[in-house]
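Inspection log for the structure reproduced underneath, given as C-alpha cells.
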Amino acid sequence: MTTLWSGRFDAAPDAAAFEFQKSFRFDRRLFDEDVTGSLAWARALGRAGVLPKADVDHIEKALGDIRQLGQADPRFVDGDDEDVHSFVERVLVERVGDAGRRLHTGRSRNEQVSLDVRLYLMRRIPGLQRNVAAVVEALAAQAVAAGDALMPAFTHFRPAQPVLVAHFFLAHIAPLRRDYQRLAAARDEADALTLGSGAVAGTSYEIDVAALAAELGFSRIVANSIDASSDRDFAASFHYACAMTMVHLSRLAEDLIILCGDGHRFFELSDALSTGSSMMPQKKNPDPLELVRGKTGRTIGHLLALLTTMKGLPSGYNKDLQEDKEAIFDAEDTLSGCLAAARAVIGGLTLNRAQAAAAATGLLLATDVADYLVRRGVPFRRAHEISGGLVRKLLAEGREFDSLSLAEWRAASEFFEADIAAHVTSSASVAAKRTPQSTAPSAVARALAEAQNWVARASG
Ligand code: ARG
C-alpha cells in the first residue's frame, strides 16, 4: 500500500484500519479537479520561485498525460491508494520522480480536498440547474396546452376554488425557479480558493493566491486558513438546495399520483412511464413518481447527516469531514435522476378536460356567491353566512347552485338579482380574480409568458 505519510511511523499501517479510512473508492470522482488543482499549484510554486521552471514543465506535461489517461479510461484511476490526492501524486512521481515529489511543497490535503470539492460543485451545479430548467420547460408546455381548461385547487386537500389548469402548472414552476436560484447560491458559496491555507496556518511560500484564484476560476479567496480546513458550509448549502428541490418534486409527484388516480382522473399518465402489476392485470402504477417522492427522504438525510457530522467537530480539519463526499455525489445523482424522471412524466401527461372541469364547479363557487353580495354592499361576514346557509340547504337537498330559482336566491337575500347565475360559474370565478398572482386568465397568460422567457434565459 502507498501512503503520503509513512516516514513518521515505525510500522506499516494495519491493513484493515487502512482499508477503513481510505476514500479512493468514492473520491476518485474528484480526479479531474485534483489534477486541475495540482497543475495550478505547480505553476504557482514556479511563479513563487519554489520550483524551477524545468520541474514545472515536467509536472505540467505529466499531469496533462495523466488527465488524458484518466479521461480515456476510468479504470486508470485505480490502485491501492488512500485517496485521489495520493493517487495523483503517486502516478506523477512514477513519471517525473523528484519533480513530482516537490509538488506538495507548502500544500496540504486539507485545503486540497476542499478545493477539489468546491471545483467539483462549481462544475456540476450548472448541469443540475439546466435539468431544473428542463422540468420548468415541460411544465410550461403543459400550461400552454391546457389553454383555458379548469380544475379545482385544493386546501386541506378538499376542493376549494376553481383555477385554470395552467395556474396549477405555474404553481409548480414557481418553487422550481427558486430552487434554480438556490443552486446558483450554493455554487457561489463554493466559489472561494482554499489553496494558500496550508494544513491550518497558511503557507510559508510566496504564493500569489489572487493569480491562483483567477487561474482556477474562483472569484474570491477564503478569509481564514483555520476556517478553510473546517468549512463545509458550501456542501451543506448544496444539500439544502438539493433537498428543497426534491421536496418540491415530491409535492409535484404527490399531486400527480393523486390527480391521475381513479379518484380524480384529471390527467392521464403516459403508458410508457407507468408500470404494471405482476398480479393484478388492470393496474397502471405511477412508479417513477413514487420513486421521486421516495428518494426525497435520502436527500434530506444527506443534509441532516452532514450537519450532524459538522456539529461535533472542533476547528481545523478532522477526518470526519471525509464523510462529506459520498453524500454530495449521491445527492447530485439522485436529484438529476429525479429531475429527468419528472420531466419525462410531465411531458407524457394528457389532460382530461371534462373530468377536471366537472370537479371545478358546484359548491366550490360558494365564495363567488359571497363576493357577489359584497359587491352589492353586504358586509363580507354577513355574505359568508348567507352563502353558507345556501350551501347547507343545497347539501341537504343534494343540489348545486345552478339549480336555484331566482325566488330561492332571493329568499336567501334580496340582493341577489337575475344576473347571479352568470356570476356563479367556474369560468366567471377565475375571470373575477384581479391580482397578478391569481388565476385570472390575463394574469396567468402574463405569468406563463414570463416563465417561458425565463426558460429561454435559463437554458440558453
Ligand atoms: N481523504 C481525505 C478527505 O476526504 C483527504 C484529506 C485528508 N487529510 C488528512 N489530514 N488526513 O477528507
Side-chain angles (χ1 to χ4, degrees), residues 1-9 11-38 40-41 70 77-93 101 103-124 190 192-204 216 222 224-236 238-239 302 305-332:
M1 74 191 65
T2 329
T3 74
L4 299 175
W5 34 259
S6 50
R8 186 232 175 276
F9 292 92
D14 174 84
F18 182 70
E19 205 51 41
F20 174 66
Q21 58 98 30
K22 272 163 76 168
S23 55
F24 194 29
R25 176 176 54 80
F26 48 85
D27 68 13
R28 55 199 302 286
R29 196 152 153 174
L30 298 171
F31 168 71
D32 214 64
E33 280 69 27
D34 203 71
V35 172
T36 301
S38 295
W41 185 247
V77 188
D78 196 15
D80 198 17
D81 307 88
E82 185 181 355
D83 53 26
V84 68
H85 326 293
S86 316
F87 167 78
V88 171
E89 193 169 321
R90 172 175 65 79
V91 291
L92 177 68
V93 170
R101 291 190 186 91
L103 171 66
H104 210 55
T105 313
R107 183 177 70 161
S108 158
R109 278 184 297 162
N110 301 350
E111 52 182 344
Q112 196 180 347
V113 69
S114 174
L115 178 90
D116 290 1
V117 176
R118 286 168 183 271
L119 284 173
Y120 181 84
L121 288 174
M122 287 164 70
R123 176 165 70 86
R124 303 291 294 184
L193 176 78
T194 53
L195 294 179
S197 302
V200 72
T203 192
S204 18
L216 286 169
V222 295
N224 177 288
S225 63
I226 304 175
D227 175 52
S229 60
S230 350
D231 178 17
R232 291 296 180 276
D233 298 7
F234 60 94
F238 173 69
H239 282 303
H302 289 321
L306 178 63
L307 292 176
T308 309
T309 298
M310 285 167 68
K311 184 233 163 279
L313 300 185
S315 298
Y317 177 83
N318 297 273
K319 184 83 167 192
D320 316 46
L321 294 173
Q322 179 165 290
E323 286 293 303
D324 62 352
K325 280 167 284 297
E326 282 168 290
I328 286 176
F329 301 145
D330 186 67
E332 182 197 3

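Just so you know, ligand 1 is whichever comes first in the structure, and atom 1 is the first atom listed for that ligand.
With values rounded to the nearest 0.5 angstrom, R118 atom CZ is found 6.0 Å from T194 atom OG1.
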Check ligand 1 against the protein and report each N/O to N/O distance under 3.5 Å, formatted as atom name, atom name, distance.
| residue | atom | partner | partner atom | Å |
| --- | --- | --- | --- | --- |
| ligand 1 | 1 (N) | S23 | OG | 3.0 |
| ligand 1 | 1 (N) | D83 | OD2 | 3.3 |
| ligand 1 | 1 (N) | Q322 | OE1 | 2.7 |
| ligand 1 | 4 (O) | K325 | NZ | 2.6 |
| ligand 1 | 8 (N) | N110 | OD1 | 3.1 |
| ligand 1 | 10 (N) | N110 | OD1 | 3.0 |
| ligand 1 | 12 (O) | Y317 | OH | 2.5 |

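Taking the centre and axis of the six-membered ring of F87, the NZ or CZ atom of R28 falls outside the cone set by 45° and 6.0 Å.
Residues R25 and E326 are paired through a salt bridge, judged by an N-O separation under 4.0 Å between the basic side chain and the carboxylate.
Taking the six-membered ring where tryptophan is involved, the planes of Y120 and F329 are perpendicular, since the angle between them exceeds 60° and thus also 30°.
More than 12 non-hydrogen atoms from other residues, nucleotides or ligands lie less than 6.0 angstrom from NZ of K319.
Judged as a side chain to side chain contact (heavy atoms under 4.5 Å, CB included), and not counting sequence neighbours, the contacts of E89 are L4, V93, H104.
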